[in-house]
Amino acid sequence: MTTAAPETVETTDPSALEAVFDAAVAADERIEPRDWMPDAYRATLVRQMAQHAHSEIIGMQPEANWITRAPSLRRKAILMAKVQDEAGHGLYLYSAAETLGTGRDELLDKLHSGRQKYSSIFNYPTLTWADVGAIGWLVDGAAITNQVPLCRCSYGPYARAMVRICKEESFHQRQGYELLLALSRGTEAQHAMAQDAVDRWWWPSLMMFGPPDDESAHSAQSMAWKIKRHSNDELRQRFVDICVPQAESLGLTLPDPALRWNEERGHHDFGPIDWDEFHQVLRGNGPCNEQRLDRRRKAHEDGAWVREAALAHAAKHSAPEHTDRTEHPEASA
Ligand code: FAQ
């Protein structure tokens, strides 16, 4: 916290500690790892941050599917950089979750055993090259809409991780938009490919924001704690309003006949979302759930030797003989 940190408060009385925590949240101060916090606040953060971290690393798969088939060296270099960024985002978020006392091994174990979720969006297949553009424009666009307010999250390490992530996501969104624009202005077949990708990714992108507010189990408490700053429906509406003029500039149509400007509300109305599909995907029945988790487990197993080597290296460098060697006169030469 920026002012009176709870550990400096000379009390172990839980209600006094909670009062200090509540006051800090009310004053928009940041809660830091060593500050006292309610167990439920810690658990909610771990749940959301873990789901977010898992989404970043599982989210590498749909786009990585196209790296070997990117249509030019320029597109390939951009795509590789983007997929590597997603891995980096996962690392920032796992590190931020570690500040809450939850190890990365534990979180990965929960992902691999299906006990923790990742975003529904990554259970859809990338069937054509245009899907890479649609993911950048719509999926990264939805991610930014959701994540910019998280830069003001009450938990310091999460908020700070989000600042950097959002900057990178912004580049991701623009490369997707630019890719789709090139296809849309290309041949008839390229335009049709771009339109088909937008048709398939639009509704799942709206589902990324989570269930409607009246069915969102965690929103009210998370907003009271200032982890979330806006409700799922508010952010979904913001995203729709942003996308409509962008789709027009792209020369593409959003696949929703009910989409129209509502003068009274000052927002676009849109058609009903298929929540049954959303729940099916969450239950593991999406088109790619099994494949995504299988690949993730295999990547983890294949990487075991890297983790072992890193641990051996760290142990070697913390051993006393290593300390002696660095004190050798030649070591500083
Ligand atoms: N998919 O009560 P709420 C990205 C679950 S990053 C799966 O409303 P909450 C970057 C929810 O966990 C994308 N599960 O929950 C990228 C809860 O289940 P639980 C990820 C979902 O937490 C781009 C239950 O439903 N972003 O895309 C989903 O208040 C391109 C009840 O829901 C984040 O994680 C869903 N769509 O609000 C990477 C952002 N929605 O835990 C690669 C941070 C809800 O009780 C390529 N997270 N659920 O078992 C958040 O802002 C929130 O967690 C929400 C959900 C908004 C996702």
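Both ligands and their constituent atoms are indexed starting at 1 by order of listing. For the numbers below, each heavy atom of this structure counts, side chains included, while hydrogens, waters and symmetry mates do not. In what follows, residues are counted from 1 in the order of the sequence shown.
Nearest heavy-atom pair, Pro149 versus Asn146, reported as atom, atom and distance to 0.1 Å: CD-O, 3.4 Å.
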Without placing hydrogens or testing angles, list every side-chain donor-acceptor pair under 3.5 Å for residues 201-212, not counting sequence neighbours.
{"residue": "Trp201", "atom": "NE1", "partner": "Asp131", "partner atom": "OD2", "Å": "3.3"}
{"residue": "Trp203", "atom": "NE1", "partner": "Pro255", "partner atom": "O", "Å": "3.2"}
{"residue": "Ser205", "atom": "OG", "partner": "Trp201", "partner atom": "O", "Å": "2.6"}

Listed pairs under 3.5 Å, donor-acceptor, residues 283-290 side chains, sequence neighbours left out:
{"residue": "Asn285", "atom": "ND2", "partner": "Gln280", "partner atom": "OE1", "Å": "2.8"}
{"residue": "Asn289", "atom": "OD1", "partner": "Gly286", "partner atom": "N", "Å": "2.7"}
{"residue": "Asn289", "atom": "ND2", "partner": "Val281", "partner atom": "O", "Å": "2.9"}

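Applying the side chain to side chain donor-acceptor pair (under 3.5 Å) rule to Thr68 yields no partners; only residues at least two apart in sequence or on another chain are considered.
Side-chain contact check for Asp199 and Gln195: at least one donor-acceptor pair (N or O, by modelled atom type) lies under 3.5 Å.
Taking a cutoff of 4.0 Å between a charged side-chain nitrogen and a carboxylate oxygen, Arg200 and Asp196 qualify as a salt bridge.
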Which protein N or O atoms sit under 3.5 Å from any N or O of ligand 1? Give atom names and distances.
{"residue": "ligand 1", "atom": "1 (N)", "partner": "Ser120", "partner atom": "N", "Å": "2.8"}
{"residue": "ligand 1", "atom": "1 (N)", "partner": "Ser120", "partner atom": "OG", "Å": "3.4"}
{"residue": "ligand 1", "atom": "2 (O)", "partner": "Ser216", "partner atom": "OG", "Å": "3.1"}
{"residue": "ligand 1", "atom": "2 (O)", "partner": "Ala217", "partner atom": "N", "Å": "2.9"}
{"residue": "ligand 1", "atom": "2 (O)", "partner": "His218", "partner atom": "N", "Å": "2.8"}
{"residue": "ligand 1", "atom": "8 (O)", "partner": "Ser216", "partner atom": "OG", "Å": "2.7"}
{"residue": "ligand 1", "atom": "8 (O)", "partner": "Asn232", "partner atom": "ND2", "Å": "2.8"}
{"residue": "ligand 1", "atom": "12 (O)", "partner": "Gln51", "partner atom": "OE1", "Å": "2.5"}
{"residue": "ligand 1", "atom": "18 (O)", "partner": "Lys117", "partner atom": "NZ", "Å": "3.1"}
{"residue": "ligand 1", "atom": "22 (O)", "partner": "Arg47", "partner atom": "NH1", "Å": "3.1"}
{"residue": "ligand 1", "atom": "22 (O)", "partner": "Arg47", "partner atom": "NH2", "Å": "3.2"}
{"residue": "ligand 1", "atom": "29 (O)", "partner": "Lys228", "partner atom": "NZ", "Å": "2.7"}
{"residue": "ligand 1", "atom": "36 (N)", "partner": "Ser120", "partner atom": "OG", "Å": "3.1"}
{"residue": "ligand 1", "atom": "36 (N)", "partner": "Met207", "partner atom": "O", "Å": "3.4"}
{"residue": "ligand 1", "atom": "36 (N)", "partner": "Met208", "partner atom": "O", "Å": "3.3"}
{"residue": "ligand 1", "atom": "37 (O)", "partner": "Lys228", "partner atom": "NZ", "Å": "2.9"}
{"residue": "ligand 1", "atom": "41 (O)", "partner": "Arg47", "partner atom": "NH1", "Å": "2.9"}
{"residue": "ligand 1", "atom": "45 (O)", "partner": "His218", "partner atom": "NE2", "Å": "2.6"}
{"residue": "ligand 1", "atom": "49 (O)", "partner": "Lys117", "partner atom": "NZ", "Å": "2.4"}
{"residue": "ligand 1", "atom": "51 (O)", "partner": "Asn146", "partner atom": "OD1", "Å": "3.3"}
{"residue": "ligand 1", "atom": "51 (O)", "partner": "Asn146", "partner atom": "ND2", "Å": "3.1"}

